[in-house]
Amino acid sequence: MYKSNSAVIVRGARFMPCTLIDENSGKTYEINVKEPKLKVYKKFEALNDSSAVEDIIDVTAAVLNSNKENIEITAEFVEDNFTLAEIAQFFEDFTNWLSEARNSNPN
């Protein structure tokens, strides 16, 4: 499960805080997502309405896997714990955060 922390995203923040919950174990992960490398960002940018669910899951895991805490987030974790609505919310939060981060620090 993904819980949006968009209320705590500070303009220009270098990391996007996220709360993930493993529904099997009940364990909560508080992670800070970094801006992904270009290879991952290109895959994220290529997603569209006709993208396969597997591609959406893989990109979600790749973006989440780039976190300050170095917690491994796998495609299997995403598939087991996220709904499509949660992925859509995460991508919206992520896109907004990237936009804010770039606007406040264009370098």
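Worth saying up front: this structure is predicted, and the values here are computed from it rather than measured.
Residue Val53 is grouped with residue Leu64 when hydrophobic side chains (ILVMFWY) are merged at heavy-atom distances under 4.5 angstrom, including chains of intermediate members. One hydrophobic cluster, built from ILVMFWY side chains closer than 4.5 Å, cannot hold both Met1 and Phe94; they sit in different ones.
Atom CD1 of Ile31 is separated from atom OG of Ser66 by 9.0 Å, given to the nearest 0.5 angstrom. The distance from the CD atom of Glu92 to the CD1 atom of Ile87 is 14.0 Å, given to the nearest 0.5 Å. Separation of atoms CG (Leu20) and NZ (Lys27) is listed at 11.5 Å; rounding is to 0.5 Å. In this structure, the separation between NZ on Lys34 and CE on Met16 is 14.5 Å, given to the nearest 0.5 Å. Note: Phe15 CZ to Glu35 CD = 11.0 Å, rounded to the nearest 0.5 Å. To the nearest 0.5 Å, the span separating CG on Asp93 from CD on Gln89 amounts to 4.5 Å.
Under the 3.5 Å distance criterion, the side-chain polar atoms of Thr60 are matched with a main-chain donor or acceptor of Ile56. Under a 3.5 Å cut-off, the side chain of Glu100 and the backbone N or O of Trp97 do not form any donor-acceptor pair. With Asn81 contributing its side chain and Glu23 its backbone, the two residues share a donor-acceptor pair below 3.5 Å. In this structure a side-chain-to-backbone donor-acceptor pair under 3.5 Å is missing from Asn65 to Ala61.
The two residues Ser51 and Leu47 have their closest heavy-atom pair at OG-CA, 3.4 Å. Minimum heavy-atom separation, Ile73 to Phe77: CG2-CD2, 3.9 Å. The nearest pair of heavy atoms linking Asn67 to Ile71 is ND2-O, 2.7 Å. Between Cys18 and Val33, the shortest heavy-atom contact is SG-CG2, 3.7 Å. In terms of heavy-atom proximity, Ala75 sits nearest to Asp58 at CB-OD1, 3.5 Å.
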How far apart are the C-alpha atoms of Glu30 and Thr28, what are their side-chain angles, what is the distance that settles it, and do they pass the side-chain contact (heavy atoms from CB on, under 4.5 Å) test? CA-CA 7 Å; Glu30 299 287 340; Thr28 299; 3.8 Å; yes
Assess the residue pair Tyr29 and Asp22 against the criterion (side-chain contact (heavy atoms from CB on, under 4.5 Å)); give the C-alpha distance rounded to whole Å, side-chain angles, the decisive distance to 0.1 Å, and a yes or no. CA-CA 8 Å; Tyr29 299 93; Asp22 185 332; 4.2 Å; yes
What verdict does the side-chain contact (heavy atoms from CB on, under 4.5 Å) test give for Tyr41 and Val63, after you've listed the backbone C-alpha separation in whole Å, the side-chain angles of each residue and the deciding distance to 0.1 Å? CA-CA 8 Å; Tyr41 185 76; Val63 171; over 6 Å; no
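Aromatic ring centres of Phe82 and Phe90 lie farther apart than the 6.0 Å criterion allows.
The shortest side-chain heavy-atom distance between Glu54 and Glu79 falls under the 4.5 Å cut-off.
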